[in-house]
Protein chains: 2
Amino acid sequence: MAPAKVPPTTVQRLPLYLRCLVQASTHHMPVVNSVQIAEMAGTNAAQVRKDLSYLGEFGTRGIGYDVDSLIAHLSRHLGLTEHRRVAIVGYGRLGSALQGYQGFAERGMRVVAVLDADPAKIGIAVDALTVEDIESLEAVVARERVEIAVITVPAAAAQSVADRLVAAGIRAIMNFAPVALRVPEGVEVRQADVAGELQILSFHLHPERTRV
Amino acid sequence: MAPAKVPPTTVQRLPLYLRCLVQASTHHMPVVNSVQIAEMAGTNAAQVRKDLSYLGEFGTRGIGYDVDSLIAHLSRHLGLTEHRRVAIVGYGRLGSALQGYQGFAERGMRVVAVLDADPAKIGIAVDALTVEDIESLEAVVARERVEIAVITVPAAAAQSVADRLVAAGIRAIMNFAPVALRVPEGVEVRQADVAGELQILSFHLHPERTRV
DNA sequence: CTTTGTGAACAGATTCACAGCG
DNA sequence: CGCTGTGAATCTGTTCACAAAG
């Protein structure tokens with residue numbers, strides 16, 4: 001019953017389930033069963049039930065899961081009862097695309113700071129924010145109570161930015177720079193590498209599906 | 001010897017190894033051993049050796065791996081001996097950020113087409129390309145011999161775009177829209193969901209981490 | 001009668017540890 | 001000797017199948 005140990009693979013699927021349930025909610029479905037969730041999520045029903053069982057017992061046998069109540073449970077387990085405070089470090093093409101992404105708010109994320117090292121970019125007003133100097137990173141993190149940092153700086157600068165973020169108390173980093181970050185125990189890093197993903201796709205296209 | 005069956009988890013790490021080796025090459029290291037690769041990649045040496053062993057026997061016992069030769073082998077196995085032809089469908093903030101990303105070329109990817117449904121965007125010149133009408137998707141895919149498609153359209157349009165891409169012969173899709181795409185057997189999809197990744201990070205920040 | 005929740009069986013990935021080769 | 005390559009052992013995740021609950 002208590003959230004003892006949730007397997008990493010299960011955690012990775014929770015946002016997907018949440019998305020599907022929100023969609024079901026907008027379609028005015030009051031209740032869904034594990035087969036329906038699995039169809040929407042592209043998995044199988046046993047997986048869905050097992051995953052949810054790690055968080056608690058939320059279903060009703062013979063009926064299924066109450067959509068709104070399950071949304072509430074998942075949101076709580078994902079720590080999304082309040083919006084998470086996100087800083088974007090690096091206001092290049094990708095950084096500005098993320099800053100302007102409308103999908104964050106409805107999924108529990110709030111961008112509270114944008115930073116860059118380029119004097120030409122510092123001071124630019126974006127929505128209600130201003131691009132701030134990366135030199136004042138520590139002050140900004142403290143002032144805005146940043147919980148999650150998104151790194152969109154060039155690869156060469158990523159590790160030093162990560163070091164400073166960690167020193168400033170950040171424990172959750174999403175890194176778009178194509179380098180493996182070194183962080184101390186207790187700091188969680190998610191790596192996003194678009195070119196790498198395309199290379200994985202390329203592997204599956206490989207002509208060499210016969211023999212060498 | 002022959003590339004029989006490479007486990008999916010291994011395939012996912014190959015781009016990472018390739019990146020590390022390219023870095024080693026620029027640092028003028030002619031040879032690296034599995035411990036060094038593991039350090040750069042953030043894994044362990046046994047993992048590196050096992051992964052590489054699925055592709056063949058590239059090392060020299062007592063010495064290690066020749067960097068340039070291993071880069072060549074990995075590139076070949078990833079199908080990167082020639083640049084992969086990529087189309088970006090959806091010229092919004094994210095689509096344009098990806099279109100302008102300089103990192104693709106050096107990692108075997110070449111953007112050969114950009115499409116959008118918005119008449120205000122169709123015709124815009126981007127580098128050597130022009131944003132084309134999504135209505136002519138099939139013609140563009142054929143003309144440019146597109147191998148990989150990147151979907152950056154709104155969630156509501158993603159499935160129909162995917163259906164048309166598959167019908168046009170595309171077998172590798174990277175999807176940035178936050179929906180689970182349904183595709184037939186034989187079509188490979190990689191899902192990228194930034195908000196979902198941040199939610200995973202949020203889970204790890206959860207206050208409820210105190211053992212119950 | 002339906003659907004959950006879950007032990008047990010299974011499948012897959014990681015790590016170990018060492019034989020084999022340079 | 002040093003380092004790779006790999007079977008064997010271990011660990012982790014997925015799927016099955018059914019008892020328990022409404």
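Chain identifiers are assigned alphabetically (A, B, ...) following the order of the sequence lines, protein sequences preceding nucleic acid strands; residue numbering begins at 1 within each chain.
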Atom-to-atom span, [atom1] of [X] to [atom2] of [N] - whole angstrom:
X     : N      : atom1 : atom2 : value
B:E39 : D:dC3  : CD    : P     : 12 Å
B:Y54 : D:dT4  : OH    : C1'   : 15 Å
A:L55 : C:dT6  : CG    : P     : 12 Å
A:Y17 : C:dT4  : OH    : C1'   : 15 Å
B:D51 : D:dT6  : CG    : P     : 13 Å
A:L52 : D:dT15 : CG    : C1'   : 16 Å
B:E57 : D:dG7  : CD    : P     : 11 Å
B:F58 : D:dG5  : CZ    : P     : 9 Å

- Message: Does anything in residues 85-107 of chain A form a ring-ring contact (aromatic ring centres under 6.0 Å, His included)? List the pairs, not counting sequence neighbours.
- Response: A:Y101-A:F104
With a cut-off of less than 4.0 Å, is there a side-chain N or O of [X] near OP1 or OP2 of [N]?
X     : N      : result
A:T9  : D:dT12 : no
B:Y65 : D:dG5  : yes
A:Q47 : D:dT15 : yes

For [X], give me all partners under side chain to side chain donor-acceptor pair (under 3.5 Å), at least two apart in sequence or on another chain.
X      : value
B:Y17  : B:D51
B:R143 : B:E132
B:R182 : none
A:S25  : A:D68

- Item | salt bridge (Lys or Arg N to Asp or Glu O under 4.0 Å) partners of residues 86-114 of chain B, not counting sequence neighbours, each pair once | A:D193-B:R107
- Note on the structure: Residues of residues 25-38 of chain A with a heavy atom under 4.0 Å from any atom of DNA chain C, listed by number, are A:N33, A:S34
- Set of ring-ring contact (aromatic ring centres under 6.0 Å, His included) partners for A:F176, sequence neighbours left out: none
Exercise answer: donor-acceptor pairs, residues 146-154 of chain B side-chain atoms, under 3.5 Å, sequence neighbours excluded:
{"from": "B:E147", "atom 1": "OE1", "to": "B:R85", "atom 2": "N", "distance (Å)": "2.9"}
{"from": "B:E147", "atom 1": "OE2", "to": "B:R84", "atom 2": "NH1", "distance (Å)": "2.7"}
{"from": "B:T152", "atom 1": "OG1", "to": "B:V89", "atom 2": "O", "distance (Å)": "3.1"}
{"from": "B:T152", "atom 1": "OG1", "to": "B:G90", "atom 2": "O", "distance (Å)": "2.5"}

- Task: For A:Q102 and A:G100, indicate whether the former's side chain and the latter's backbone hold a donor-acceptor pair under 3.5 Å.
- Result: yes
Please tabulate the protein-to-nucleotide N/O contacts below 3.5 Å involving nucleotides 20-22 of chain C, giving atom names and distances.
{"from": "C:dG20", "atom 1": "N3", "to": "B:R61", "atom 2": "NH1", "distance (Å)": "3.3"}

- Message: I'd like to know if B:E188 pairs up with B:R171 as an ion pair, taking the criterion as any Lys NZ or Arg NE/NH1/NH2 lying under 4.0 Å from an Asp or Glu carboxylate oxygen.
- Response: no
- The complete set of side chain to side chain donor-acceptor pair (under 3.5 Å) pairs with one or both residues in residues 32-48 of chain B, sequence neighbours excluded, reads B:S34-B:R49
Review item, nucleotides 16-18 of chain D N/O atoms under 3.5 Å of protein N/O:
{"from": "D:dA17", "atom 1": "N6", "to": "A:R49", "atom 2": "NH2", "distance (Å)": "3.3"}

